[in-house]
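The structure under discussion appears below in the form of C-alpha coordinates.
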Protein chains: 2
Amino acid sequence: MFLEALSNPHRLKIIAVLSEGRQYVSELARELGMSRPLLYLHLQKLEEAKLVSSSMEILESGKTAKYYMLNSFHLEINEEMISSLASTLTLKNKNT
Amino acid sequence: MFLEALSNPHRLKIIAVLSEGRQYVSELARELGMSRPLLYLHLQKLEEAKLVSSSMEILESGKTAKYYMLNSFHLEINEEMISSLASTLTLKNKNT
DNA sequence: TATACATGTAATAAAATACTTACATATGAT
DNA sequence: ATCATATGTAAGTATTTTATTACATGTATA
(Lines give C-alpha, C1' and ligand atoms only; values in the text may rest on other atoms or scores of the structure.)
Protein backbone atom coordinates (compact mmCIF):
# COMPACT_ATOMS: atom_id res chain seq x y z
CA MET A 1 0.00 0.00 0.00
CA PHE A 2 1.39 3.40 -0.95
CA LEU A 3 0.67 4.91 2.46
CA GLU A 4 2.81 2.23 4.07
CA ALA A 5 5.54 2.86 1.52
CA LEU A 6 5.51 6.53 2.48
CA SER A 7 5.61 5.87 6.22
CA ASN A 8 9.40 5.56 6.51
CA PRO A 9 11.82 8.50 6.55
CA HIS A 10 14.48 6.65 4.56
CA ARG A 11 12.02 6.04 1.81
CA LEU A 12 11.03 9.69 1.75
CA LYS A 13 14.72 10.59 1.39
CA ILE A 14 15.06 8.13 -1.44
CA ILE A 15 12.15 9.79 -3.20
CA ALA A 16 13.70 13.19 -2.58
CA VAL A 17 16.99 12.13 -4.15
CA LEU A 18 15.32 10.42 -7.09
CA SER A 19 13.21 13.53 -7.69
CA GLU A 20 16.44 15.20 -8.82
CA GLY A 21 17.06 12.52 -11.40
CA ARG A 22 17.46 8.82 -11.91
CA GLN A 23 20.27 7.01 -10.18
CA TYR A 24 21.67 3.51 -9.86
CA VAL A 25 21.63 1.55 -6.64
CA SER A 26 25.27 1.66 -5.55
CA GLU A 27 25.59 5.36 -6.16
CA LEU A 28 22.28 6.00 -4.45
CA ALA A 29 23.48 4.03 -1.45
CA ARG A 30 26.59 6.21 -1.26
CA GLU A 31 24.59 9.41 -1.55
CA LEU A 32 22.26 8.34 1.20
CA GLY A 33 24.96 6.84 3.40
CA MET A 34 23.02 3.62 3.55
CA SER A 35 24.03 -0.01 3.10
CA ARG A 36 23.07 -1.48 -0.24
CA PRO A 37 21.04 -4.40 1.15
CA LEU A 38 19.00 -2.00 3.23
CA LEU A 39 18.49 0.30 0.31
CA TYR A 40 17.31 -2.67 -1.72
CA LEU A 41 14.67 -3.42 0.85
CA HIS A 42 13.34 0.11 0.76
CA LEU A 43 13.49 0.32 -3.01
CA GLN A 44 11.50 -2.88 -3.21
CA LYS A 45 8.72 -1.43 -1.10
CA LEU A 46 8.68 1.73 -3.16
CA GLU A 47 8.57 -0.30 -6.34
CA GLU A 48 5.71 -2.49 -5.08
CA ALA A 49 3.81 0.70 -4.35
CA LYS A 50 4.52 1.79 -7.93
CA LEU A 51 6.27 4.91 -6.70
CA VAL A 52 9.50 4.09 -8.49
CA SER A 53 10.60 1.96 -11.45
CA SER A 54 13.89 0.35 -12.35
CA SER A 55 15.85 -0.74 -15.39
CA MET A 56 19.19 -2.44 -15.90
CA GLU A 57 21.69 -0.52 -17.95
CA ILE A 58 25.36 -0.52 -18.85
CA LEU A 59 27.60 2.19 -17.44
CA GLU A 60 30.36 3.81 -19.54
CA SER A 61 32.75 1.75 -17.44
CA GLY A 62 31.15 -1.37 -18.83
CA LYS A 63 29.61 -2.46 -15.52
CA THR A 64 25.90 -3.13 -15.34
CA ALA A 65 23.90 -0.79 -13.18
CA LYS A 66 20.33 -0.91 -11.96
CA TYR A 67 18.80 2.48 -12.37
CA TYR A 68 15.85 3.64 -10.35
CA MET A 69 13.62 6.49 -11.35
CA LEU A 70 10.77 8.21 -9.63
CA ASN A 71 7.27 7.80 -11.02
CA SER A 72 5.25 10.96 -11.01
CA PHE A 73 2.38 10.81 -8.55
CA HIS A 74 -0.29 13.06 -7.19
CA LEU A 75 -2.73 12.07 -4.48
CA GLU A 76 -5.40 13.92 -2.61
CA ILE A 77 -5.70 12.70 0.91
CA ASN A 78 -8.82 13.59 2.85
CA GLU A 79 -11.46 11.91 5.04
CA GLU A 80 -13.53 10.78 2.11
CA MET A 81 -10.59 9.22 0.31
CA ILE A 82 -9.45 7.42 3.46
CA SER A 83 -12.95 6.12 4.05
CA SER A 84 -13.25 4.60 0.62
CA LEU A 85 -9.73 3.24 0.90
CA ALA A 86 -10.61 1.67 4.25
CA SER A 87 -13.64 -0.07 2.79
CA THR A 88 -11.39 -1.92 0.35
CA LEU A 89 -9.26 -3.35 3.14
CA THR A 90 -9.68 -6.71 4.76
CA LEU A 91 -8.44 -6.95 8.29
CA LYS A 92 -8.44 -10.08 10.36
CA ASN A 93 -11.32 -9.80 12.74
CA LYS A 94 -11.76 -12.01 15.77
CA ASN A 95 -15.55 -11.70 15.84
CA THR A 96 -16.98 -12.84 12.53
CA MET B 1 4.10 11.91 11.43
CA PHE B 2 0.74 11.83 9.69
CA LEU B 3 1.98 9.45 6.98
CA GLU B 4 2.94 6.96 9.68
CA ALA B 5 -0.43 7.44 11.32
CA LEU B 6 -2.10 6.57 8.03
CA SER B 7 0.01 3.49 7.40
CA ASN B 8 -2.13 1.05 9.37
CA PRO B 9 -5.42 -0.45 8.14
CA HIS B 10 -7.04 -0.34 11.57
CA ARG B 11 -6.40 3.35 11.79
CA LEU B 12 -7.93 3.91 8.37
CA LYS B 13 -11.03 2.04 9.55
CA ILE B 14 -11.17 4.19 12.64
CA ILE B 15 -11.08 7.27 10.46
CA ALA B 16 -13.79 5.81 8.27
CA VAL B 17 -16.08 5.19 11.24
CA LEU B 18 -15.40 8.59 12.76
CA SER B 19 -16.12 10.24 9.44
CA GLU B 20 -19.75 9.26 10.03
CA GLY B 21 -19.81 11.04 13.34
CA ARG B 22 -18.15 11.32 16.71
CA GLN B 23 -18.11 8.30 18.97
CA TYR B 24 -16.82 7.30 22.38
CA VAL B 25 -14.09 4.75 22.89
CA SER B 26 -16.00 1.74 24.21
CA GLU B 27 -18.70 1.99 21.57
CA LEU B 28 -16.08 2.49 18.88
CA ALA B 29 -14.29 -0.62 20.07
CA ARG B 30 -17.50 -2.61 19.75
CA GLU B 31 -18.22 -1.27 16.29
CA LEU B 32 -14.73 -2.13 15.11
CA GLY B 33 -14.58 -5.47 16.90
CA MET B 34 -11.36 -4.40 18.54
CA SER B 35 -10.12 -4.53 22.11
CA ARG B 36 -10.19 -1.25 23.95
CA PRO B 37 -6.49 -1.15 24.86
CA LEU B 38 -5.58 -1.71 21.25
CA LEU B 39 -8.00 0.92 20.09
CA TYR B 40 -6.45 3.31 22.59
CA LEU B 41 -3.05 2.75 21.07
CA HIS B 42 -4.29 3.53 17.60
CA LEU B 43 -6.32 6.51 18.72
CA GLN B 44 -3.25 7.89 20.42
CA LYS B 45 -1.27 7.77 17.20
CA LEU B 46 -4.07 9.41 15.30
CA GLU B 47 -4.34 12.10 17.94
CA GLU B 48 -0.59 12.77 17.90
CA ALA B 49 -0.87 13.23 14.16
CA LYS B 50 -3.68 15.71 14.80
CA LEU B 51 -6.06 13.63 12.71
CA VAL B 52 -8.55 13.22 15.54
CA SER B 53 -9.43 15.04 18.76
CA SER B 54 -11.07 13.90 21.96
CA SER B 55 -13.16 15.26 24.80
CA MET B 56 -14.58 13.77 27.96
CA GLU B 57 -18.32 13.96 28.32
CA ILE B 58 -21.15 12.56 30.41
CA LEU B 59 -23.51 10.07 28.85
CA GLU B 60 -27.25 10.15 29.56
CA SER B 61 -26.63 7.11 31.71
CA GLY B 62 -24.41 9.21 33.92
CA LYS B 63 -21.18 7.45 32.95
CA THR B 64 -18.28 9.45 31.63
CA ALA B 65 -17.31 8.80 28.06
CA LYS B 66 -14.33 9.88 26.00
CA TYR B 67 -15.54 11.05 22.65
CA TYR B 68 -13.32 11.06 19.60
CA MET B 69 -14.02 13.12 16.53
CA LEU B 70 -12.34 13.35 13.18
CA ASN B 71 -10.48 16.51 12.26
CA SER B 72 -11.02 17.62 8.73
CA PHE B 73 -7.89 17.28 6.63
CA HIS B 74 -6.82 17.69 3.07
CA LEU B 75 -3.34 16.93 1.81
CA GLU B 76 -1.79 16.94 -1.61
CA ILE B 77 0.85 14.27 -1.89
CA ASN B 78 3.31 14.51 -4.76
CA GLU B 79 7.06 14.30 -5.37
CA GLU B 80 7.65 17.90 -4.50
CA MET B 81 5.77 17.68 -1.24
CA ILE B 82 7.59 14.50 -0.25
CA SER B 83 10.94 16.09 -1.07
CA SER B 84 10.34 19.07 1.15
CA LEU B 85 8.98 16.82 3.85
CA ALA B 86 12.08 14.65 3.62
CA SER B 87 14.38 17.62 4.05
CA THR B 88 12.80 18.34 7.44
CA LEU B 89 13.58 14.86 8.71
CA THR B 90 16.59 13.83 10.74
CA LEU B 91 17.60 10.26 10.38
CA LYS B 92 20.38 8.61 12.29
CA ASN B 93 23.31 8.34 9.94
CA LYS B 94 26.31 6.17 10.57
CA ASN B 95 28.70 8.30 8.50
CA THR B 96 28.52 11.85 9.76
C1' DT C 1 -23.94 -5.74 47.48
C1' DA C 2 -23.46 -7.37 42.97
C1' DT C 3 -23.87 -6.21 38.05
C1' DA C 4 -23.07 -3.49 34.09
C1' DC C 5 -20.43 -0.28 31.72
C1' DA C 6 -17.36 3.46 31.36
C1' DT C 7 -12.00 5.13 31.57
C1' DG C 8 -7.10 4.21 32.04
C1' DT C 9 -2.76 1.78 32.03
C1' DA C 10 1.02 -1.66 33.14
C1' DA C 11 3.16 -5.68 31.73
C1' DT C 12 3.87 -8.91 28.53
C1' DA C 13 3.76 -11.45 24.10
C1' DA C 14 3.68 -11.75 19.22
C1' DA C 15 4.46 -10.16 14.76
C1' DA C 16 6.24 -7.18 11.42
C1' DT C 17 9.99 -4.05 9.98
C1' DA C 18 14.34 -2.58 9.69
C1' DC C 19 19.11 -3.46 9.56
C1' DT C 20 23.77 -5.99 9.33
C1' DT C 21 26.98 -9.33 7.88
C1' DA C 22 28.58 -12.26 4.76
C1' DC C 23 28.98 -14.17 0.63
C1' DA C 24 28.16 -15.27 -4.55
C1' DT C 25 28.55 -13.67 -9.51
C1' DA C 26 30.19 -10.56 -13.28
C1' DT C 27 33.07 -6.94 -15.80
C1' DG C 28 36.91 -3.96 -16.75
C1' DA C 29 41.44 -2.03 -15.50
C1' DT C 30 46.17 -2.55 -13.53
C1' DA D 1 45.99 -12.68 -10.98
C1' DT D 2 44.31 -8.98 -8.18
C1' DC D 3 41.70 -4.82 -7.42
C1' DA D 4 37.72 -2.00 -7.84
C1' DT D 5 32.95 -1.72 -8.52
C1' DA D 6 28.68 -3.32 -9.98
C1' DT D 7 24.30 -6.69 -8.80
C1' DG D 8 21.86 -9.94 -5.85
C1' DT D 9 20.44 -12.35 -1.83
C1' DA D 10 20.49 -15.51 2.33
C1' DA D 11 20.70 -15.67 7.12
C1' DG D 12 20.58 -13.76 11.28
C1' DT D 13 19.83 -9.91 14.66
C1' DA D 14 17.74 -5.88 16.51
C1' DT D 15 14.11 -2.77 17.00
C1' DT D 16 9.56 -1.15 16.59
C1' DT D 17 4.89 -1.86 16.18
C1' DT D 18 0.93 -4.28 17.19
C1' DA D 19 -1.88 -6.95 20.21
C1' DT D 20 -3.40 -9.35 24.56
C1' DT D 21 -4.19 -9.96 29.40
C1' DA D 22 -4.94 -8.33 33.62
C1' DC D 23 -5.83 -5.05 36.64
C1' DA D 24 -7.39 -0.42 38.97
C1' DT D 25 -10.99 3.34 39.57
C1' DG D 26 -15.71 5.47 39.16
C1' DT D 27 -20.90 5.74 38.56
C1' DA D 28 -25.58 4.12 38.05
C1' DT D 29 -28.90 0.33 38.56
C1' DA D 30 -31.09 -4.00 40.15
Side-chain angles (χ1 to χ4, degrees), chain A residues 1-15 22-49 51-69 86 89-95, chain B residues 1-15 22-49 51-69 86 89-95:
Chain A
M1 207 246 293
F2 72 93
L3 284 171
E4 277 160 8
L6 294 175
S7 69
N8 176 290
H10 281 309
R11 291 197 285 271
L12 299 190
K13 290 274 187 192
I14 291 170
I15 290 177
R22 55 208 290 282
Q23 191 52 280
Y24 65 96
V25 180
S26 290
E27 181 58 25
L28 196 52
R30 280 189 292 268
E31 285 185 24
L32 291 162
M34 187 185 308
S35 78
R36 207 164 40 81
L38 179 56
L39 178 56
Y40 259 76
L41 179 138
H42 288 307
L43 284 171
Q44 245 175 51
K45 299 207 170 183
L46 288 171
E47 196 162 20
E48 280 167 19
L51 293 168
V52 302
S53 314
S54 61
S55 66
M56 293 292 304
E57 294 179 32
I58 314 280
L59 295 179
E60 293 174 26
S61 67
K63 274 111 186 170
T64 59
K66 187 176 196 180
Y67 272 89
Y68 270 91
M69 67 216 72
L89 301 176
T90 6
L91 45 114
K92 44 244 174 181
N93 216 331
K94 279 195 320 181
N95 327 302
Chain B
M1 208 243 295
F2 72 93
L3 283 172
E4 279 161 6
L6 294 175
S7 69
N8 175 288
H10 282 308
R11 290 197 286 270
L12 299 189
K13 290 274 187 191
I14 292 170
I15 290 176
R22 57 210 289 283
Q23 190 51 279
Y24 65 95
V25 179
S26 291
E27 181 57 23
L28 195 53
R30 280 189 293 267
E31 284 184 26
L32 291 162
M34 186 186 305
S35 77
R36 208 164 39 81
L38 179 56
L39 178 57
Y40 258 76
L41 179 139
H42 288 305
L43 284 172
Q44 244 174 53
K45 300 205 170 183
L46 288 170
E47 197 162 17
E48 280 166 18
L51 292 168
V52 302
S53 314
S54 61
S55 66
M56 294 293 302
E57 295 179 30
I58 313 281
L59 296 180
E60 294 174 24
S61 67
K63 273 111 186 172
T64 60
K66 187 176 196 178
Y67 272 88
Y68 271 91
M69 65 216 75
L89 301 177
T90 3
L91 43 115
K92 44 245 172 176
N93 217 333
K94 276 197 317 182
N95 329 304

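B:L46 has its CG atom 11 Å from the P atom of D:dT18, to the nearest Å. Rounded to a whole Å, the CD atom of B:E4 is 13 Å from the C1' atom of C:dA18. Straight-line distance from the CG atom of A:L41 to the P atom of D:dA14: 18 Å, rounded to whole Å. When the P atom of D:dT18 is taken as reference, atom CG of B:L43 falls 13 Å away, rounded to whole Å. Between B:I58 atom CD1 and D:dT27 atom P there is a gap of 10 Å when expressed in whole angstrom units. Between A:E47 atom CD and D:dG8 atom P there is a gap of 10 Å when expressed in whole angstrom units. Going from atom CG of B:L39 over to atom P of D:dT18 covers 13 Å, rounded to whole Å. Per the geometry, CG belonging to A:L38 stands 14 Å off C1' belonging to D:dT13, to the nearest Å.
B:R11 is not listed as a side-chain neighbour of A:L3, based on a closest heavy-atom distance of 4.5 Å or more. A 4.5 Å side-chain heavy-atom check between A:L6 and B:L6 finds every atom pair outside the cut-off.
Checking the phosphate oxygens (OP1, OP2) of D:dT18, a side-chain nitrogen or oxygen of B:N8 falls inside 4.0 Å. Put simply, B:K45 has no side-chain N or O that comes within less than 4.0 Å of OP1 or OP2 on D:dT17. For D:dA19, the OP1/OP2 oxygens have a side-chain nitrogen or oxygen of B:H42 closer than 4.0 Å.
Among residues two or more places apart in sequence or in another chain, the side-chain hydrogen bond (donor to acceptor under 3.5 Å, both in side chains) test is passed with B:R22 by B:E57. For B:T64, there are no side-chain hydrogen bond (donor to acceptor under 3.5 Å, both in side chains) partners two or more places apart in sequence or in a different chain. Residues that satisfy the side-chain contact (heavy atoms from CB on, under 4.5 Å) test with A:E27, not counting sequence neighbours, are A:Q23, A:Y24, A:R30, A:E31. Considering only residues two or more places apart in sequence or on other chains, A:A49 meets the side-chain contact (heavy atoms from CB on, under 4.5 Å) condition with A:F2, A:A5, A:L51. Partners of B:Y68 according to the side-chain hydrogen bond (donor to acceptor under 3.5 Å, both in side chains) rule, which considers only residues two or more places apart in sequence or in another chain, are B:E47.
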Original post:
How does protein contact run along nucleotides 5-14 of chain C, one letter per nucleotide 5' to 3', with B for base contact, S for sugar-phosphate only, - for none, heavy atoms under 4.0 Å?
Top reply: BSBBB-----

